[in-house]
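All values below were derived from every heavy atom in this structure, side-chain atoms included, with hydrogens, water molecules and symmetry-related copies excluded.
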2 protein chains.
Amino acid sequence: MENKGLIIVHTGEGKGKTTAALGMALRAWGNHMRVLILQFIKGSWNYGELAAIEALSSADGCIEIRQGGLGFSQRGDGAQEEHRRAAVELLQMAMDELQSDAWDMVILDEFNYAYSFGFIHADDLAQLLSARPAHTHLIFTGRNASEELIDQADLVTEMRLVKHPFQKGIKAQRGIEF
Amino acid sequence: MENKGLIIVHTGEGKGKTTAALGMALRAWGNHMRVLILQFIKGSWNYGELAAIEALSSADGCIEIRQGGLGFSQRGDGAQEEHRRAAVELLQMAMDELQSDAWDMVILDEFNYAYSFGFIHADDLAQLLSARPAHTHLIFTGRNASEELIDQADLVTEMRLVKHPFQKGIKAQRGIEF
């Protein structure tokens, strides 16, 4: 059985992109892999996930989450430039961490968002992928995955919305939506 | 904010149906919800997930997993009847647990498989849904979700395969595929 890191993408308009990445983080943790989660959008992971990650981190294992981006809600003059700076800093952290070979799985949550907004460019992505140790799995989430990323990926899943509770007038539920 | 249990379905040919349910279990656990996972196919959750659930269960929280079904690999004379019996027993357990109101989230992993094979019927499903306390979330996973289930569901996501590593000749990887 070869030990090859995969490039995995969760994209599409539906639910479950980040949630499935969380599930993969936990499966990997249970297999004694070292897991780093980098969030390109602050607030896309909330109290429940953070508490679960914290509990696993306190148990016997190596899992860590770092927030680098700004929230979706931050707008207005100068916000664009702040978003860009935050994304670039987190990307640099991702490169440094990959080069240090300290992780078996790195999740770049909402990377596609930062990429599609032009905060991260094709050559940054190429550099990131070439910084990856051969055994390390990379997971990218977010709508509108770029063609450049899909070309390089091994496993791409599109989460497609078939039916949503908001369509039935049901409000967001704690533990489900947030 | 109303407290309404949702009926959630993860279906489609792609990856991430069970994995996203695992992510939801952990988010719910982190929100102090009581989570029960019932597996209609033995072996669809493996060592990594089970170790993670075990760690969360040992930490401060209420999460439990029970295997009721047989493995995909069990075939041959009589296997069909054994599969049916295992599915019916697990369904009965699901009804009893829902009626006891001991859970905030119940995941029926690979329920759609048991349903599409005819081990569970439309009236069983109707009975299951009516046994559910109003605040309890139900999550059904598996390919080929039935029309009856989708009709009743609040949130349906189809996981669609865009690209798979086997297409590139890459073998299954520990911590990712199993």
Taking C-beta and beyond as the side chain, do [X] and [Y] meet within less than 4.5 Å on heavy atoms?
X	Y	result
A:Arg66	A:Met93	yes
A:Phe111	A:Thr141	no
A:Phe119	A:His83	yes

Using only atom types and a distance under 3.5 Å, with no angle test, would you say the side chain of [X] pairs donor to acceptor with the backbone of [Y]?
X	Y	value
A:Ser130	A:Ala126	yes
A:Lys163	B:Ala153	yes
B:Ser116	B:Asn112	yes

- Residue-level contacts of residues 94-109 of chain B with chain A, using a heavy-atom cutoff under 4.5 Å: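 When heavy atoms of chain A are the reference, residues 94-109 of chain B contributes B:Met105 within the under-4.5 Å range.
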Could you see if [X] belongs to whatever hydrophobic cluster contains [Y]? Use Ile, Leu, Val, Met, Phe, Trp, Tyr and a side-chain cutoff under 4.5 Å.
X	Y	value
A:Phe40	A:Leu129	yes
B:Ile63	A:Ile63	yes
A:Leu125	A:Leu138	yes

- Grab the two heavy atoms, one from A:Trp29 and one from A:Leu56, that are nearest each other, plus how far apart they are.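 For A:Trp29 and A:Leu56, the tightest heavy-atom pair comes out as NE1-O, 3.2 Å.
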- Item | Inter-chain contacts: residues 5-19 of chain A against chain B, heavy atoms under 4.5 Å |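 Near chain B, by residue number: A:Leu6, A:Ile8, A:Lys15, A:Gly16, A:Thr19.
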Quick check for you: among [options], which has the greatest number of heavy-atom pairs under 4.5 Å with chain A?
options	answer
B:Ile150, B:Leu22, B:Leu26	B:Leu26
B:Ser58, B:Ala25, B:Ala51, B:Ala59	B:Ala51
B:Ala28, B:Ala55, B:Gly23	B:Gly23

- With a 4.5 angstrom heavy-atom cut-off, which part of A:Met33 approaches chain B: side chain, backbone, both or neither?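 Only the side chain of A:Met33 comes within 4.5 Å of chain B.
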- Using 4.0 Å as the upper bound for N to carboxylate O, is an ion pair formed by B:Arg84 and B:Glu81?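 The answer is yes: the pair qualifies as a salt bridge.
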